[in-house]
> 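Have a look at this one before I ask anything.
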Amino acid sequence: MSGSKTNGDHTSDTSEVTVPPNFIRYIIEEDMATGKYDGRVVTRFPPEPNGYLHIGHAKSICLNFGLSREYNGTCHLRFDDTNPGKENIEYVNSIQEDVKWLGFNWNDHLYFTSDYFDRLFEYAVQLIQMNKAYVDSQSAEQIRENRGTLKEPGSNSPYRNRTVAENLALFQKMKNGEFDEGACVLRARIDMASPSIIMRDPTLYRIRKLDHHRTNDQWCIYPMYDFAHCLSDSIEKITHSLCTLEFKNNRELYDWILDALDVYHPQQIEFARLNLSYTVLSKRKLIELVQQNHVSGWDDPRMPTISGLRRRGYTPASVRNFCERIGVAKRDSTVDVALLEYCIREDLNKTAPRVMGVLNPLRVVIENFPEDLTEEMDAVNNPEDPTMGSRKIPFSKVLYIEQDDFMEDPPKKFFRLGPGREVRLRYAYFITCTDVIKDDSGKVVELRCTYDPATRGGDAPDGRKVKATLHWVSAQHAASAEVRLYENLFEAENPAAADDFKATLNDNSVRILKDCKLEPGLGSAEPGFRCQFERLGYFCADIKDSAPDNLVFNRIVTLRDMWAKIKKQQKK
RNA sequence: UGAGGGUUAGUGUAGUGGUAUCACGACGGGUUCUGGCCCCGUUAACAUAGGUUCGAAUCCUAUACCCUCAGCCA
């Protein structure tokens, strides 16, 4: 499943968090107790294949598949493909890939609304025969005008009283392609004066002379969501049809259609969609970011899409845990993106091997270390998991440390290296800075240090302590890599609230570092390999751009950073 | 009220007449060869106003605020 150098995708054993109770589970338990559906639980995830899945869909996926698993039911994957103008096969493929990656399995329950087009047509005919639907020949504009407003009732279409026979014939002609697009639609005959606008003779079928990605040119009329969705649920004997809050108003119509046709009747239950701070989750906005090249594509590591999270280095388990932790309720809410970051740190802390890598190298020469000697130092692979063993790291006279780990004039609470100071090099020796070398502009370009041979391995026999331990890499042995540092794509906590959400894009959302120095073992890292660069964060070899001879690492998330907080406070 | 939903610490969430839950965050401390992890502690909430009740986040009434709906999108 995963290569020798990849980790986490399908094997992560991070224990799933306990699912807190929620109102949907209470409904299901009640239904189980009363035998409403003979103890069955059948849910479905019904994406329209018109875009890539994002973290908000992950919430729905985890909910539907999770609930069905919990109650020994089934969960269907159904593509709601009723609008050929917007949908295509690229999206149906990516959606399946993403659901699988998240760790869910629909088994043989893969369905397409388009598979039901014949039956849906028959249901529409039945409605006409019952005099509960009619063909309206008004234009779209006329229909809009006659719908009324939020406060005023609508008025009846002049075509509302066509006979059953007339409607049947007209609907057949629509199907046969004898009308142009827009010439007429099929409408439910409900009530143009209904206080609920949804119920003012909603459109059931419209004419679209477009090839469909599955049915090709077989149809030129396509059912609307409200007609297709409830009947698809009914056909599949869904028990609990979960959807987001904005469909609450549509439930009245969902129920009306199923009641009118007197068919199997699932119950629709609405929950609040996910909002995440510092990100946008509307399909329209995400597609805009892609099309206007604000990001490199749907799978740009800064995107909240499943494919973006995957490429960034998130594990499926971390996304699932996130979806459990955020809970399910009916009120609009915005989850702090810090929770998502917590979830990936939690997972990777337990599973990711530790490694040393220097992002912004500062050359260090150990003056009293032999010129051509290389020592092998023992390093623990993961202090959280002894079974992950240890490795050898070469140590030699010329090293790199992080530029941030040295200050010529250290402020209070800066524990790292400075002139005359002694620190520990992780798994190696104590070193003391004896000299600072600068270029003409005054920039520090090299440090001269001495090491204490007695501290090999990292402990001083005389018991003396140092306040800091630094990561390092041997210059002559280091592997070079490009490292991409990511931050939030947006600076605004709620970009969608801005006049133009793109104006709140973060200019620093990606920073590319070219000649980073990594410990030599990383030279063979396969794409998808995740690890912790000690003291810096969790990183993942890019699944598209990285190769063993051309390393590219994405920073998934930083480590929690106390020093960064102290620095911030000191600035104030 | 045109109609339908919603409102519990900074954020998310539990609670369904009997001590307001848990998590994230923030803050402080301990531990530490990662300023990580881990451990301990602090912080901080029932939208408002009435009512019922021995007792109300929970039941009732009113008010305020937020969200959704006027696609031949989903």
Side-chain angles (χ1 to χ4, degrees), chain A residues 17-18 20-22 26 46-48 50 80 82-83 85-86 136 138-140 143-145 147-154 181-187 194-200 202-208 221-222 224-226 228-229 243-252 270 272 274 277 283 325-343 345-346 349-350 354 356 379-380 382-384 413-416 424-428 430 455 457-459 465-471 532-538 558-566:
Chain A
V17 300
T18 317
N22 63 56
Y26 287 129
E48 183 189 12
N50 71 341
D80 206 354
T82 59
N83 186 354
K86 290 187 174 177
D136 193 347
Q138 292 182 106
S139 66
I143 287 178
R144 191 186 333 116
E145 281 163 19
R147 186 152 29 225
T149 67
L150 291 177
K151 297 190 178 182
E152 297 157 335
E181 282 191 19
C184 50
V185 292
L186 184 72
R187 289 229 261 171
S194 171
S196 170
I197 291 179
I198 296 276
M199 300 300 278
R200 315 233 262 234
T203 302
L204 268 21
Y205 267 89
R206 79 287 213 188
I207 299 169
R208 278 274 174 284
I221 57 172
Y222 293 91
M224 298 286 288
Y225 164 85
D226 284 306
H229 198 85
C243 62
T244 45
L245 249 30
E246 66 268 28
F247 291 102
K248 176 68 216 309
N249 295 322
N250 299 245
R251 187 162 95 207
E252 192 177 1
E270 308 85 13
L274 172 66
S277 61
K283 256 184 204 175
R325 272 180 221 271
I326 59 178
V328 183
K330 298 194 73 152
R331 85 179 86 122
D332 296 314
S333 62
T334 300
V335 174
D336 193 335
V337 72
L339 183 61
L340 218 208
E341 295 178 347
Y342 171 83
C343 290
R345 285 192 192 107
E346 177 193 43
N349 176 51
K350 292 181 202 141
R354 310 292 131 113
M356 291 200 285
V380 171
N382 188 341
E384 303 295 315
K413 290 190 179 173
F414 182 87
F415 301 148
R416 283 109 97 143
R424 170 169 39 230
L425 294 182
R426 180 101 157 133
Y427 300 125
F430 286 13
T455 58
D459 287 304
K465 302 286 182 196
V466 289
K467 291 185 93 171
T469 300
L470 310 186
H471 60 277
Q532 181 195 104
F533 289 0
E534 292 213 33
R535 306 209 303 134
L536 297 175
Y538 295 97
T558 61
L559 257 26
R560 279 182 75 231
D561 188 349
M562 280 315 254
W563 171 237
K565 282 181 192 172
I566 293 167

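Each chain gets a letter, A, B and so on, in the order its sequence line appears, and its residues count up from 1.
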> I'd like the P distance from B:rG18 over to B:rC59, given in whole Å.
12 Å
> So if I define the base as every atom that isn't primed, P, OP1 or OP2, how would nucleotides 67-74 of chain B read as a B/S/- string at a heavy-atom cutoff under 4.0 Å?
SBBBSBSB
> From CD of A:Q532 over to C1' of B:rG36, roughly how many Å is that when rounded to an integer?
6 Å
> Rounded to the nearest angstrom, tell me the gap between atom CG in A:N382 and atom P in B:rC38.
13 Å
> Please work out if A:Y342 contacts a base, only the sugar-phosphate, or nothing of the nucleic acid, heavy-atom cut-off 4.0 Å.
sugar-phosphate
> With rounding to the closest Å, how many angstrom separate the C1' atoms on B:rA23 and B:rG15?
16 Å
> When the P atoms of B:rC27 and B:rC37 are considered, how many whole Å apart are they?
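So the two P atoms sit 14 Å from each other.
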> Checking the side chain of A:R354 only, and the main-chain atoms of A:A379 only, is there a donor and an acceptor separated by less than 3.5 Å?
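Judged by distance alone, no pair lies under 3.5 Å.
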> Taking any heavy-atom pair under 4.0 Å as a contact, classify A:R560: base, sugar-phosphate, or nothing.
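It contacts sugar-phosphate atoms only.
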> Classify the side chain of A:R331 and the base of B:rG5 as holding, or not holding, a donor-acceptor pair under 3.5 Å.
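Donor-acceptor pair under 3.5 Å: no.
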> Would you indicate, yes or no, if B:rC37 has its OP1 or OP2 atom less than 4.0 angstrom from a side-chain nitrogen or oxygen of A:R345?
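No, outside the criterion.
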> Restricting to salt bridge (charged side-chain N to carboxylate O under 4.0 Å, His left out), what partner residues turn up for A:E152, sequence neighbours left out?
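Expected list: none.
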> Atom CZ of A:R426 to atom C1' of B:rC37: distance rounded to whole Å?
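Rounding to the nearest Å, CZ of A:R426 and C1' of B:rC37 are 11 Å apart.
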> If you only use heavy atoms from C-beta on, which nucleotide in B:rU34, B:rA14, B:rU13 is closest to the side chain of A:P21?
B:rA14
> Measure from CZ on A:R416 to P on B:rG36 and round the result to the nearest Å.
11 Å
> A:L470 CG to B:rU34 P: how many Å, rounded?
11 Å
> State, to 0.1 Å, how close A:I207 and A:C184 come at their nearest heavy-atom pair, and which atoms those are.
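Shortest heavy-atom separation between A:I207 and A:C184 comes out as CD1-O, 3.8 Å.
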> From CD1 of A:I566 over to C1' of B:rC27, roughly how many Å is that when rounded to an integer?
13 Å
> Hey, is the side chain of A:T334 poking within less than 4.0 Å of OP1 or OP2 on B:rG12, counting only N and O atoms?
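For B:rG12, OP1/OP2 do not have a side-chain N/O of A:T334 under 4.0 Å.
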> Starting from the 5' end of RNA chain B, give me the residue, A:K467 or A:E152, whose nearest nucleotide shows up first.
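Looking at the nearest nucleotide for each, A:E152 comes out on the 5' side.
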> What is the distance, to the nearest angstrom, from the CG atom on A:D561 to the C1' atom on B:rU34?
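Whole-Å distance recorded here is 11 Å.
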> Give A:R354 one of three labels, base, sugar-phosphate or nothing, depending on what nucleic acid heavy atoms sit under 4.0 Å from its own.
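The answer is base, as A:R354 lies within the cut-off (heavy atoms under 4.0 Å) of a base atom.
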> Just checking A:F414: base, sugar-phosphate only, or nothing, at a heavy-atom cut-off of under 4.0 Å?
base
> Syn if the chi torsion is within 90° of 0, anti otherwise; quick check, which is B:rG71?
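What B:rG71 shows is a syn base, its glycosidic angle lying within 90° of 0.
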> Indicate yes or no for a side-chain donor-acceptor contact from A:R345 to the backbone of A:G537 under 3.5 Å, with no hydrogens or angles considered.
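Between the backbone of A:G537 and the side chain of A:R345 there is no qualifying donor-acceptor contact (under 3.5 Å).
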> When all nucleic acid strands are considered with a 4.0 Å heavy-atom cut-off, which category describes A:I326: base, sugar-phosphate, or nothing?
sugar-phosphate
> With heavy atoms under 4.0 Å as the rule, sort A:V328 into base, sugar-phosphate or nothing.
sugar-phosphate
> Specify the closest pair of heavy atoms between A:T82 and A:Y222, including all atoms of both residues, with the distance to one decimal.
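Of all heavy-atom pairs spanning A:T82 and A:Y222, the closest is O-CB, 3.4 Å.
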> Quick check: closest heavy atoms across A:D226 and A:N250, and the distance to 0.1 Å?
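That closest heavy-atom pairing would be OD1-OD1, 2.9 Å.
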> Heavy atoms only: give me the nearest A:E384-A:K350 pair and the separation to one decimal.
CB-CA, 4.5 Å
> If the cut-off is 4.0 Å, is A:Y26 near the phosphate of B:rA14, judged by side-chain N/O to OP1 or OP2?
no
> Do you know the tightest heavy-atom contact between A:S194 and A:M199?
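Residues A:S194 and A:M199, closest heavy atoms: OG-CB, 3.5 Å.
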> With side chains defined as the heavy atoms from C-beta onward, is the minimum distance between A:E48 and A:Y225 less than 4.5 Å?
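Heavy-atom side-chain distance check fails, nothing below 4.5 Å.
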> Rounding to the closest angstrom, what is the interatomic distance between B:rA49 and B:rC38 at atom C1'?
48 Å
> Take N1-N3 plus N6-O4 or O6-N4 for Watson-Crick, N1-O2 plus O6-N3 for G-U, both under 3.5 Å. Which runs of 3 or more such pairs involve RNA chain B?
B:2-7 with B:64-69, B:10-12 with B:22-24, B:25-30 with B:38-43, B:47-51 with B:59-63
> Could you measure between the two P atoms, the one in B:rA9 and the one in B:rA20, and give it in whole Å?
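The same atom, P, in both gives a distance of 16 Å.
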> Measure distances between side-chain N and O atoms of A:E384 and base N and O atoms of B:rG36, and say whether any donor-acceptor pair falls under 3.5 Å.
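Flag set: donor-acceptor pair detected.
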> OP1 or OP2 of B:rA26 sitting under 4.0 Å from any side-chain N/O of A:K565?
yes
> Which distance, rounded to the nearest 0.5 Å, do you find between the CD1 of A:I326 and the OG1 of A:T334?
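Atom-to-atom, A:I326:CD1 and A:T334:OG1 are 11.5 Å apart.
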> Would you measure the distance from the P atom in B:rU48 across to the matching atom in B:rG5 and give it in whole Å?
23 Å
> If every non-hydrogen atom of A:Y205 is compared with every non-hydrogen atom of A:M224, which pair is closest and at what distance?
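Where A:Y205 meets A:M224 most closely, the heavy atoms are N-CG, 4.2 Å.
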> Taking atom C1' in both B:rU1 and B:rA64, compute the distance separating them and give it to the nearest angstrom.
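The same atom, C1', in both gives a distance of 14 Å.
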> Atom CZ of A:F415 to atom C1' of B:rU34: distance rounded to whole Å?
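One finds 14 Å between C1' of B:rU34 and CZ of A:F415, rounded.
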> Taking it one step at a time, do A:E534 and A:R426 satisfy salt bridge (Lys or Arg N to Asp or Glu O under 4.0 Å)?
CA-CA 10 Å; A:E534 292 213 33; A:R426 180 101 157 133; 2.8 Å; yes
> Rounded to whole angstrom, note down the P distance from B:rG10 over to B:rA44.
10 Å
